**Student:** 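Structure incoming, see below.
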Amino acid sequence: QVQLVESGGGLVQTGGSLRLSCAASGRTLSSYAMAWFRQGLGKEREFVARISRRGGTTYYADSVKGRFAISRDDAKNTVDLQMNSVKPEDTAVYYCAADSGIVRTTLKSQYEYWGQGTQVTVSS
């Protein structure tokens, strides 16, 4: 069992930066590929970014490519999402998720563990 807790959300102006963090407890994150998803008000939860078990491979949604960066620190059992050049359409609740599978996936149904989410609001 893995417990995930996100932090770092808040209010940021368009063009600004924000860094989200996901801390795990219960089991080491090194056994999991990790991802960030987001859900805007009235929208479906969508994939944002994924990082492989050892951090060698990252994958991004087209909407955030070049602006966001996912990273992990297995010694600290954390996964971060650096958000740069944010836009109002980035406003959402951001969730981290853990996947024990080995096949890269953007499907939220494939992720076994989820955090409670952290709100990010981008003002125009």
Side-chain angles (χ1 to χ4, degrees):
Q1 191 79 358
V2 177
Q3 292 80 43
L4 302 172
V5 178
E6 301 93 338
S7 61
L11 178 64
V12 59
Q13 291 185 335
T14 297
S17 297
L18 205 61
R19 190 175 184 89
L20 306 183
S21 187
C22 173
S25 61
R27 291 190 67 180
T28 175
L29 282 184
S30 60
S31 300
Y32 301 89
M34 298 297 296
W36 286 91
F37 287 76
R38 67 186 182 187
Q39 187 167 14
L41 192 62
K43 298 181 180 179
E44 292 286 323
R45 191 171 300 187
E46 64 175 3
F47 169 81
V48 175
R50 175 182 169 101
I51 188 166
S52 60
R53 278 183 180 78
R54 298 181 180 179
T57 303
T58 56
Y59 184 69
Y60 298 92
D62 288 342
S63 58
V64 306
K65 199 173 295 181
R67 300 188 297 121
F68 291 10
I70 188 171
S71 61
R72 66 189 299 158
D73 187 335
D74 288 344
K76 295 181 179 179
N77 235 22
T78 58
V79 177
D80 290 351
L81 183 69
Q82 178 66 43
M83 305 169 61
N84 298 324
S85 302
V86 296
K87 306 174 181 179
E89 50 264 44
D90 294 323
T91 294
V93 177
Y94 283 72
Y95 300 88
C96 69
D99 172 25
S100 63
I102 60 173
V103 178
R104 186 185 75 189
T105 178
T106 63
L107 298 176
K108 53 184 182 289
S109 61
Q110 299 301 306
Y111 289 79
E112 295 108 309
Y113 301 104
W114 292 82
Q116 84 292 345
T118 185
Q119 175 71 46
V120 172
T121 303
V122 182
S123 63
S124 57

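Start at 1 with the first residue, then count along the sequence. Quantities reported herein were computed from a predicted structural model and do not represent experimental measurements.
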**Student:** Where do Val64 and Val48 come nearest, in terms of heavy atoms and distance?
**Tutor:** CG2-O, 3.6 Å
**Student:** Quick one: pull up CZ in Arg72 and OG in Ser52 and give me the separation to the nearest 0.5 Å.
**Tutor:**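 It is 7.0 Å, given to the nearest 0.5 Å.
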**Student:** Starting at CE of Met34, measure out to CG of Asp99 and round the result to the nearest 0.5 Å.
**Tutor:** 9.5 Å
**Student:** Counting only heavy atoms from other residues, nucleotides and ligands, does the tally under 6.0 Å from CD of Gln13 exceed 12?
**Tutor:** no
**Student:** Atom CZ in Arg38, atom NZ in Lys43: separation rounded to 0.5 Å?
**Tutor:** 8.0 Å
**Student:** Through direct or indirect side-chain contacts below 4.5 angstrom among Ile, Leu, Val, Met, Phe, Trp and Tyr, which residues connect to Val93?
**Tutor:**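 Direct or chained contacts put Val93 with Phe37, Phe47, Tyr59, Tyr95, Tyr111, Trp114.
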**Student:** Do other residues, nucleotides or ligands put more than 12 heavy atoms under 6.0 Å from Leu107 CG?
**Tutor:**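 Yes, CG of Leu107 has more than 12 neighbouring heavy atoms, counting only those of other groups under 6.0 Å.
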**Student:** Could you tell me whether the side chain of Glu6 reaches within less than 4.5 Å of the side chain of Leu20, counting heavy atoms only?
**Tutor:** no
**Student:** Does any part of the side chain of Leu4, heavy atoms only, come nearer than 4.5 Å to the side chain of Cys96, both counted from C-beta?
**Tutor:** yes
**Student:** Going only through I, L, V, M, F, W and Y residues with side-chain contacts under 4.5 Å, is there a path from Tyr60 to Val122?
**Tutor:** yes
**Student:** Can you measure from CD1 (Ile70) to OG1 (Thr57) and round to the nearest 0.5 angstrom?
**Tutor:**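 Rounded to the nearest 0.5 Å, the CD1-OG1 separation comes to 11.5 Å.
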**Student:** Any chance CZ of Arg45 has more than 12 other-residue heavy atoms, nucleotides or ligands included, within less than 6.0 Å?
**Tutor:** yes
**Student:** For Lys65, is there an ion pair with Asp62 - N to carboxylate O distance below 4.0 angstrom?
**Tutor:** yes
**Student:** For Ser100, is there any backbone N or O sitting under 3.5 Å from a side-chain donor or acceptor partner on Glu112?
**Tutor:** yes
**Student:** If you compare all heavy atoms of Leu18 against all heavy atoms of Gly8, which two are closest, and at what distance to 0.1 Å?
**Tutor:** CG-O, 3.6 Å
**Student:** Nearest 0.5 Å please: distance from the OH atom of Tyr32 over to the OH atom of Tyr113.
**Tutor:** 4.5 Å
**Student:** Please determine whether side chain to side chain contact (heavy atoms under 4.5 Å, CB included) holds for the pair Gln119 and Leu11, giving the CA-CA distance in whole Å, both sets of side-chain angles, and the decisive distance to 0.1 Å.
**Tutor:** CA-CA 8 Å; Gln119 175 71 46; Leu11 178 64; over 6 Å; no
**Student:** Specify the closest pair of heavy atoms between Val120 and Gly9, including all atoms of both residues, with the distance to one decimal.
**Tutor:** CG2-CA, 4.2 Å
**Student:** Evaluate the side-chain proximity of Thr14 to Pro88: yes if any heavy-atom separation is below 4.5 Å, no if none is.
**Tutor:**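 Answer yes - side chains close enough.
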**Student:** As a test of understanding, state which of Thr78, Thr118, Asp80 forms a side chain to side chain donor-acceptor pair (under 3.5 Å) with Ser21.
**Tutor:**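 Among Thr78, Thr118, Asp80, the one meeting side chain to side chain donor-acceptor pair (under 3.5 Å) with Ser21 is Asp80.
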**Student:** When rounded to the nearest 0.5 angstrom, what distance separates CE in Met83 from CZ in Arg67?
**Tutor:** 7.5 Å
**Student:** Got a donor-acceptor contact below 3.5 angstrom from the Asn84 side chain to the Gly66 backbone?
**Tutor:**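 Such a contact is absent between Asn84 side chain and Gly66 backbone.
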**Student:** Could you go through the side chain to side chain contact (heavy atoms under 4.5 Å, CB included) check for Thr105 and Arg50 one step at a time?
**Tutor:** CA-CA 8 Å; Thr105 178; Arg50 175 182 169 101; 3.8 Å; yes
**Student:** So for atom CZ, which belongs to Arg19, do other residues, nucleotides or ligands contribute more than 12 heavy atoms lying within a distance under 6.0 Å?
**Tutor:** yes
